[in-house]
Amino acid sequence: MNKVNIPVSLKDAFVLSIAMGAVIFICRAIPFIFFRNTGSKKLQTKSNSETIIGFVEIIAPPVAMTVLTFNEISSRLVGIFQSVNTKFAHLPQLQIAGIVLLDAIPVAAASAVTAILHLWKRNSLLSIFCGTALFMLLGRVL
Amino acid sequence: MNFQKSAKIGHRNINQLFAAAFKYSIPVLLGYLAIGMAFGLMIVDAGYPWYLGVFMSIVMYAGAGQYAAVGLLASGVGLLQACVVQLVLNARHIAYGITMLNRYNASGKYKTYLIFAMTDETFALLSSVDKNDTKYGTTDVQRGLFFFYVSLLDHIYWIAGSLLGAFVGTVVPLNYEGVGFALCALFIVLMIEQLKKSNTNGVRKAMIISVLVSTLSVIFIPSRFSLLCALSISLSVVQIICGKSMQVKGSNNE
């Protein structure tokens, strides 16, 4: 495994990692730097900024979770569509659609089972374990 | 914030909080071991030693960011380009930070580490903590310690995952395909928890908008930017459509 040609030397890779880590930390810290003095300095705008942050606190978590979930699911589906489309480009359209539908079954079924199981039992570990197991099983069978 | 209530935390409480944090973070344990292993495999595959992968998991600690970093290293990028890519890729964390502003500001000495360790999954876990659940601490200090434990445990899972991936993955070539779905399942579960926690008209409407926006953005926007775009577009659309009705409480209940 040491024979692979690496364009970035190990030393540079360490430096790059630290730099990228710093960028990521800054992204996470921006709101805490930016909103540090709200409330204490500008008393007259305090109530206004509080309602904005209050709104964000109520509405942002469900929005963020929904976006994360459907970004993940639809990325998987679009990925399946693209790979089938390039791999079987010579086949007729209808057949491609059939293959896409078949390949999409694990994602769709496992997501649905996870959701239904969780709505029913509300046991996080159970839902995640069963959904993942079904996904792995269907991926091998189909 | 105020620390008036910050009495000393007893040993019993510390142990209880740690146990609660461990139990609470188990879903991420499964997800992180899986995708951490995938990352460990990738970095060794790209021709780097295992300790670079572990080092990256310690100092970067970002799922999507580290996956992208392997690609960046393999294509031989310069410092500036690497930083710009990470900036775009991780800009979504700004939205997470705004959400956790009050909660992290109240957590005292753990604040810096909590901000550093705010990954997608840790954010998802911590933003879902019920404010009134005494199991997760009653005072600001206890709540801060609980947040710290969850963040630290997640970090450890992630490092362990990359270590395992770099070692075991290459020595024992089992078929791990599909384990990464655990993360998708975790997102689904946490989304449903959010819905069950605040099942108001406004939240339902906001979630339907988010579904539409995120699906469309995956189809029409390059994958590197789709998550960031979906997040910012969803939040703005929701703010425009539901903003007023959410602030005037009661008017959105039928």
Side-chain angles (χ1 to χ4, degrees), chain A residues 1-2 4-8 10 13-21 23-25 27-32 35 51 53 55-76 78 106 110-111 114-115 118-119 122 124-125 127-129 131-132 135-136 139, chain B residues 26-27 30 44 47-48 52 55-56 59-60 62 65 69 73 76 79 82-83 86-87 90-91 93-95 97-99 101 115-116 118 120 124 127 177-178 181-182 184-192 194 203 206-207 210-211 214-215 218-219 223 226-227 230-231 234-235 238 243 246-247:
Chain A
M1 74 189 157
N2 287 325
V4 183
N5 185 33
I6 45 173
V8 178
L10 184 59
F14 272 102
V15 176
L16 273 178
S17 302
I18 294 171
M20 289 188 287
V23 170
I24 294 168
F25 180 62
C27 284
R28 290 170 182 167
I30 282 173
F32 296 90
F35 288 113
T51 47
I53 290 174
F55 172 78
V56 167
E57 280 211 33
I58 296 166
I59 213 71
V63 166
M65 275 329 299
T66 314
V67 168
L68 275 174
T69 309
F70 280 85
N71 182 274
E72 173 80 24
I73 293 175
S74 34
S75 299
R76 282 171 181 269
V78 168
S111 305
T114 309
H118 197 69
L119 285 168
R122 214 176 168 182
S124 308
L125 275 182
S127 319
I128 292 169
F129 181 80
T132 309
F135 182 81
M136 294 176 77
Chain B
I26 288 176
L30 301 177
V44 173
Y48 291 101
L52 178 69
F55 181 75
M56 287 168 84
V59 299
M60 290 174 68
L73 290 178
L79 187 69
C83 289
Q86 292 295 347
L87 187 69
N90 291 286
H93 288 123
I94 296 170
I98 294 173
T99 310
L101 211 54
I115 294 170
F116 165 77
M118 192 172 55
D120 294 326
S127 64
E177 206 190 321
F181 187 81
C184 188
L186 169 67
F187 287 158
I188 294 172
V189 163
L190 290 170
M191 181 183 69
I192 293 172
Q194 288 288 348
V203 169
M207 288 175 84
S210 316
V211 171
S214 53
T215 309
V218 167
I219 297 171
S223 59
S226 65
L227 187 55
L231 257 181
S234 300
L235 278 174
V238 167
M246 292 284 297
Q247 275 160 18

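Numbers restart at 1 for each chain; the letters A, B, ... are given by sequence-line order, proteins then strands. For the numbers below, each heavy atom of this structure counts, side chains included, while hydrogens, waters and symmetry mates do not.
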Which atom of [X] lies closest to which atom of [Y], heavy atoms considered:
| X | Y | answer |
| --- | --- | --- |
| B/Ile98 | A/Phe35 | CG1-CE1, 4.2 Å |
| A/Arg28 | B/Met118 | NE-O, 3.1 Å |
| A/Thr66 | B/Met191 | CA-SD, 3.7 Å |
| B/Cys83 | A/Ala19 | SG-CB, 4.1 Å |
| B/Leu235 | A/Val63 | CD2-CG1, 4.0 Å |
| A/Ala13 | B/Leu52 | CB-CD2, 3.8 Å |

Which value, rounded to the nearest 0.5 Å, describes the distance between [X] atom [atom1] and [Y] atom [atom2]?
| X | Y | atom1 | atom2 | result |
| --- | --- | --- | --- | --- |
| A/Met65 | B/Ile192 | CE | CD1 | 10.5 Å |
| B/Ile188 | A/Ser127 | CD1 | OG | 9.5 Å |
| B/Ser210 | A/Leu68 | OG | CG | 10.5 Å |
| A/Ile73 | B/Phe181 | CD1 | CZ | 6.5 Å |
| A/Ser17 | B/Met56 | OG | CE | 4.5 Å |
| A/Ile18 | B/Leu79 | CD1 | CG | 11.0 Å |

Do you know which of B/Leu231, B/Thr215, B/Val211, B/Val59 has the most heavy-atom pairs with chain A at a distance under 4.5 angstrom?
->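 Sorted descending by pairs with chain A, the first entry is B/Val211.
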Highest number of heavy-atom pairs under 4.5 Å with chain A: which of B/Val189, B/Leu87, B/Asn90?
->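 Counting heavy-atom pairs under 4.5 Å, the top option is B/Val189.
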Do the side chain of A/Thr69 and the main chain of B/Phe187 share a donor and acceptor less than 3.5 angstrom apart?
->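 At least one qualifying donor-acceptor pair exists.
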Most chain B-contacting option - heavy-atom pairs closer than 4.5 Å, from [options]:
| options | answer |
| --- | --- |
| A/Ser74, A/Ala29, A/Gly21 | A/Ser74 |
| A/Leu119, A/Thr114, A/Asn71 | A/Asn71 |
| A/Leu10, A/Ile30, A/Val15 | A/Leu10 |

Answer with side chain, backbone, both or neither: which region of B/Gln86 has an atom nearer than 4.5 Å to a non-hydrogen atom of chain A?
->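 The answer is both parts of B/Gln86.
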Min side-chain heavy-atom separation A/Phe70-B/Val218 under 4.5 Å =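 Side-chain contact under 4.5 Å: no.
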Could you label the plane-to-plane angle of the A/Phe25 and B/Phe116 rings as parallel, tilted or perpendicular, counting under 30° as parallel and over 60° as perpendicular?
->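 Plane angle between 30° and 60°, so tilted.
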